[in-house]
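All remarks here apply to the structure that follows.
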Amino acid sequence: MVSLSKTEVAEKIKTWMNKTILITGFEPFDGDTLNPSSELLLWLNQFQFEFNLYTEVLPVSFHSSILKLDEAMKKHQPTHVLLTGYAKNRGELTIERIGINCIDARIPDNDGHRPKNQKIIPRGEDGLFSTLPLDNLLTFATEVGCPTKISSSAGEYVCNYILYYYLYHYRKVPGTFLHIPASRSHETFFQGIKSIIEKL
Ligand code: PCA
């Protein structure tokens, strides 16, 4: 057992009391009628947590997704941020290690825009690392039976765009991106994400 000093305990209690998580999901895209990442938000909203949890659905739009994120950051003043989206071709929940300064859309976004091979922030770094302790997140999800991996590519579409934009503009608020895979039942992955937000 690790014993903590009184000051350390007081600090921890203060952190827990102030814990405010913003979790985002995306609207459906690419002809789908559902996006598991916005279903996740509905699912999470049925629970009561001992900290503040705010959920926001973002449009799958290069232009409007960041406006809605900025609005949500201002409104909720979170201490931690989890951006989530759907990745059809994956088998596990993936925790994104890095956002790259590039978009190269395979399909148009929901506004019909399809940027090709462009920088997100012209003078930004080539890549920015997620600012949450990813190994801990991996443990939190796997310990409730959720197949989880750390990934080094969030793609070149809206999810990578929002991750890079977030990491560039909100360096002081720890955050990352989680991709939810295709599955007949998403509950296992939702439980993994619930465990992450509870133990953060
Ligand atoms: N997935 C897409 C964008 C929205 C979503 O849920 C992506 O991986 O970029």
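All ligand and atom numbering here is 1-based and tracks the order in the structure.
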When you compare the side chain of C146 with that of T148, does any pair of heavy atoms fall below 4.5 Å? yes

Near G85 (heavy-atom distance under 4.0 Å), the atoms of ligand 1 are 6 (O)

Among non-hydrogen protein atoms, atom 2 (C) of ligand 1 lies closest to C159 SG, 3.2 Å

task = Could you check whether the rings of H186 and F190 sit parallel, tilted or perpendicular, using 30° and 60° as the cut-offs?
result = parallel

Side-chain heavy atoms of Y170 within contact of D70, under 4.5 Å: yes

Of all protein heavy atoms, the one nearest atom 1 (N) of ligand 1 is Y86 O, 2.9 Å

Nearest non-hydrogen protein atom to atom 5 (C) of ligand 1, with distance, is F29 CE2, 3.3 Å

Quiz item: Mind checking whether F177 and H179 have parallel, tilted or perpendicular rings, split at 30° and 60°?
Solution: tilted

For N35, the ligand 1 atoms with a heavy-atom partner under 4.0 Å come out as 5 (C), 6 (O)

Item checked: Parallel, tilted or perpendicular: ring planes of Y157 versus F29, cut at 30 and 60 degrees -> tilted

Flag H179 as yes when one of its N or O atoms lies below 3.5 Å from any N or O atom of ligand 1, and as no otherwise. yes

